[in-house]
*Asks:* 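The structure is given below, and queries will be raised subsequently.
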Amino acid sequence: MSKFISLRSDKFSYLFEKKHGWVTLALLAATILIMIISTGIGSQYISPINVIRAVFGHGSAMNDVIVNQLRLPRIVIAVLIGASLAVAGAVLQGIVRNPLASPDVTGITEGASLGAVLFMFLFSDSVSIHWMPLMSIACAFGVTFLLYILAWKQGVSPLRLVLIGTGLSAAFKSVSYMLIISGPLILASKSLTFMTGSIYGASWNNDVLNLLPWVGVLLPLTWLQARHVNVLALGDEVATGTGARVQRHRLILLLLSVALAGAAVAIGGAVTFIGLMAPHMARKLVGPSFGNLLPVSALIGAILLLIADLIARTAFLPLDVPAGVFTAAIGAPFFLYMLYRYRNQA
Amino acid sequence: MRIFGLLLTSCVLVLVMVSSIIFGVTDIPLSTVWDSFIHNTGSREHLVIQTTRVPRALIAASVGACLAVAGAVMQVITRNPIASPSTFGVNSGAAFAIVMASGLLGISGLQAYSVAALVGAAISGGIVFLLGSIGRDGMTPIKITLAGASMAAFFSSLTQGIMLSNGKMFDQLLFWLVGSVAGREMSMLTTAIPYMLVGMILALLVSRHLNVLAMGDDVAQGLGQRTAHIKWIAAAAVILLAGGSVAVAGPIAFVGIIVPHIARYLIGSDYRWVLPYSALFGAILLVSADIGSRYIAMPKEVPVGVMTAVIGVPFFVYIARKGKRLA
C-alpha cells in the first residue's frame with residue numbers, strides 16, 4: 001500500500017500523505033465541535049444538543065431563530081474567513097520563502113480593506129452590497145500588481161516584496177483613515193470596525209452567500225497548485241533546476257493567495273495575524289509538504305477565528321468587540337516568538 | 001559653505017512658515033499678520049492668526065524637525081537605511097499608549113499624554129529593536145521591517161478596539177490617530193517642547209560620535225569608543241523626539257525615513273551637519289505638506305499624515321529598490 005493518496009491528471013496532481021490523515025480528521029472534528037459549542041454560547045445559552053436539533057429543523061421556534069438566523073451565519077463566516085486567510089498566508093509564506101510573511105505584512109489586507117472602505121463611501125447608497133467583495137478583490141489585485149511592478153528588478157525578490165509591501169500598507173492605511181475622517185460619523189465607526197476586522201451581524205444573504213462562491217472556487221484551485229508551492233519553497237535556484245517556471249508559478253500562486261485574502265477581507269474586514277499563525281501551527285502538525293499543509297492550515301485558521309470571535313462577542317457583554325482585536329492580541333506575541341525562533345533565517 | 005547652506009535653509013523654513021500662516025481657506029495679507037503681532041486689536045483675523053495659524057505652523061515645524069532627526073539617528077545606530085520612528089513601530093506604540101491612558105485608565109491632561117507617549121514609544125521601540133537584532137547575522141532590514149510592521153499592526157488593532165468600545169473618545173481621537181497638525185492648541189506644543197528640546201540637544205551632542213559609529217561597531221570599538229553608551233544616549237534621544245512629536249501631532253509616517261536620505265545626499269555623511277540639516281529639511285517638508293493638505297480637497301482638509309504617506313511611499317520604494325545595502 002502506498003504511503004500517499006495521489007490525484008493525477010495531465011495538468012494537476014495532488015499528493016496527500018496518509019499518515020497525516022488522522023490529524024486532519026481530528027482537526028475537522030474539532031472545528032465542527034467548536035462550531036456547535038460556540039453557536040450555543042451567547043447572551044442566551046443553548047445546549048449543544050439543542051443547537052444540533054435547531055440546525056436540522058427540530059428545535060423550538062425561538063432556538064430556531066437564534067441559531068439559524070442570528071448565530072449560525074456568523075459562525076459559518078468565521079470558518080470561511082479563517083480558512084481563506086490561513087491558506088492565503090500559507091501560500092504566501094511558501095512563495096516568499098519567509099516564515100514571517102502574511103497578507104497583512106505585505107499590504108494585501110490593507111489594500112483590500114481600502115477597497116471595501118472606498119466602496120462604502122462611494123457606492124453604499126447606490127450599489128448592492130453584493131459587489132463589495134469584487135471591489136475589495138479588485139483592489140487587492142491592484143495592490144499586488146503595483147507591489148509586483150515596484151518589487152520587480154530582474155525577477156521579484158522576497159526581500160523587496162516584503163519591504164515595499166510594508167511601505168504600501170502604511171500608505172493605504174492612512175488613505176483609509178482619510179476617507180473615514182472626511183465622511184459622516186456613522187460611516188466612520190462602521191469603517192473603523194471594518195478596518196479592525198469584525199464579523200458582527202453576519203447574515204446568510206449578505207455575507208455567507210456572498211463569500212461562499214469565492215471560497216468554494218478559490219480554495220480547491222489553490223490546493224491543486226500545492227505542488228508548485230512545494231517546488232517554489234525550495235528556493236529560486238533549485239526550483240529553476242527542477243524545471244519549474246519560477247516567475248510564472250509565483251505569479252499564479254500570488255494571485256490565488258491575493259484573491260482569497262481579498263474575498264475574506266471584503267466580508268470580515270482586516271482580520272490580522274491569522275494568515276501568519278495558522279500555517280505555522282499546521283507545519284508543526286503535518287510538516288512542510290503543502291498537500292497536507294493547506295487543508296490543515298485552513299482548519300486551524302477556521303478554529304482560530306472561531307475562538308477569537310467567541311471571545312470578542314462574549315467576554316465584554318453587552319459590548320461586541322471586533323474579533324480583529326483578539327486575533328492581533330494573540331497574533332502579535334506569536335509573531336514575536338516566531339521572529340525569535342527564526343532569528344537566524346529571516 | 002555648509003554654514004551658509006544652513007542659513008539659506010533656515011530662511012526657506014521661515015518663508016514656508018510665513019506662507020503657512022498666510023495661506024488657507026481664507027488668505028490673510030502679510031500686513032495683517034504683522035499687525036497681529038505688533039498691535040493686536042483682537043479682531044477676528046488677528047484671533048485666527050494667533051490661535052490657529054501660528055501654532056499650526058510652529059507645531060508642524062517642530063514635529064517635522066523632531067521626526068527627521070529621530071530618523072537620522074536611528075538610521076545610524078541601526079545601520080539600516082529604512083529605520084525611522086514609523087518603521088520601528090515607535091509611533092504606533094506611542095499612539096496606543098495615549099489612547100490606552102485616556103480610554104482605559106481615565107487619565108487626561110496634556111502632561112500625562114506626553115508621558116504616556118514617551119513610555120509607549122520606549123516600549124515598542126525597544127521590543128522591535130531587540131527582536132530585530134537577535135540572531136546570528138545581527139540586525140537585518142527584513143527582520144526589523146517585519147518586527148516593526150507587526151508591532152504596528154498589533155498596536156493599531158488594539159487602539160482601534162479601544163476607540164470603538166468607547167464612543168466619546170471616538171470623535172476626539174480619530175483625527176489625531178492619522179497624524180495631523182491642524183486644530184492643535186499652543187499649549188500642546190508647550191507641554192511637549194521640553195522633551196523635544198532635550199532629545200534634540202542629546203542628539204546633537206552625540207552627533208560627533210555617530211560619525212564613528214556609522215563605520216560599524218567593530219571599528220568604533222577599535223577606535224576606543226564606548227559604543228553602548230553612545231547607543232543608549234542616542235536611543236533616549238530618539239524616544240524623546242518621537243514620543244514628543246506623537247503626543248502633539250499623532251503618528252506621522254515617512255518623514256523620518258525620507259529626510260535623512262535627502263540630507264545625506266546633499267551634504268555628505270558628517271552627522272554633525274546631517275542632524276541640523278535634517279531638522280531643517282524635516283520642518284520644511286512637514287510645513288509644506290501641511291500647506292498642501294489644505295488645497296487638495298478644499299474646503300476640507302486632508303490630514304498631513306496622509307500627505308506624508310503619499311509623498312513618502314515612492315521614496316521608500318526607491319530606497320528599497322536600490323537595495324545594495326539592504327540585502
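Below, read A as the first sequence line, B as the second, and so on, with proteins coming before strands; counting in each chain starts at 1. Predicted, not measured: the structure shown is a model, and the values here were computed from it.
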*Asks:* Using every non-hydrogen atom in the two residues, find where B:Gly161 and A:Val325 come nearest and quote the distance to one decimal.
*Replies:*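 Minimum heavy-atom separation between B:Gly161 and A:Val325: CA-CG2, 3.5 Å.
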
*Asks:* Using a 4.5 Å cut-off on heavy atoms from C-beta on, say whether the side chain of A:Lys173 contacts that of B:Ser156.
*Replies:*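 SC-SC contact between B:Ser156 and A:Lys173 confirmed.
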
*Asks:* For A:Thr166, check side-chain hydrogen bond (donor to acceptor under 3.5 Å, both in side chains) against everything at least two apart and list the hits.
*Replies:*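 Checked A:Thr166 against side-chain hydrogen bond (donor to acceptor under 3.5 Å, both in side chains); zero matches.
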
*Asks:* Determine the minimum heavy-atom distance between B:Arg321 and A:Ala151, stating which atoms define it.
*Replies:*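 That would be NH1-C, 4.1 Å.
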
*Asks:* So what's closer than 4.5 Å to chain A heavy atoms on B:Val313: side chain, backbone, both or neither?
*Replies:*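 It is the side chain, since no backbone atom gets that close.
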
*Asks:* For A:Ala264, which residues count as a side chain to side chain contact (heavy atoms under 4.5 Å, CB included) partner, sequence neighbours excluded?
*Replies:*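 A:Ala264 satisfies side chain to side chain contact (heavy atoms under 4.5 Å, CB included) with A:Ile81, A:Ser84, A:Leu85 only.
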
*Asks:* Let me know if B:Ala147 has heavy atoms under 4.5 Å from chain A in its side chain, its backbone, both or neither.
*Replies:* both

*Asks:* Can you see which heavy atom on A:Ala332 is nearest to which on B:Phe154, and at what distance?
*Replies:*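 Looking at all heavy atoms of both residues, the closest pair is CB-CD1, 3.0 Å.
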
*Asks:* Heavy-atom distances under 4.5 Å only: say whether B:Ile127 touches chain A with side chain, backbone, both or neither.
*Replies:* side chain

*Asks:* Quick check: closest heavy atoms across B:Val306 and A:Ser174, and the distance to 0.1 Å?
*Replies:*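 Between these two residues, the closest heavy atoms are CG2-O, 3.2 Å.
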
*Asks:* Any chance you could measure B:Tyr318, atom OH, to A:Ile164, atom CD1, to the nearest 0.5 Å?
*Replies:*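 Answer for the OH-CD1 pair, B:Tyr318 versus A:Ile164, is 13.0 Å.
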
*Asks:* Just wondering, do A:Pro322 and B:Gln160 contact through their side chains at under 4.5 Å, heavy atoms?
*Replies:* no

*Asks:* Measuring from B:Ser180:OG to A:Tyr177:OH, what's the distance to the nearest 0.5 Å?
*Replies:* 14.0 Å

*Asks:* Using a cut-off of under 4.5 Å for heavy-atom pairs, which of A:Ala329, A:Ala270, A:Gly324 has the most such pairs with chain B?
*Replies:*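 Top option by heavy-atom pairs under 4.5 Å: A:Ala329.
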
*Asks:* Pick one of side chain, backbone, both or neither for A:Phe273, based on which atoms fall under 4.5 Å of a heavy atom in chain B.
*Replies:* side chain

*Asks:* Does any heavy atom of chain A fall under 4.5 Å from the side chain of B:Phe155, the backbone, both, or neither of them?
*Replies:*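 It is neither, since no heavy atom gets under 4.5 Å.
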
*Asks:* Chain A: which of B:Ala153, B:Ser157, B:Ala253, B:Ala152 shares the most heavy-atom pairs with it under 4.5 Å?
*Replies:*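 Looking at each option in turn, the highest pair count goes to B:Ser157.
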
*Asks:* Crowded around A:Tyr337 OH? As in, over 12 foreign heavy atoms under 6.0 Å?
*Replies:* no

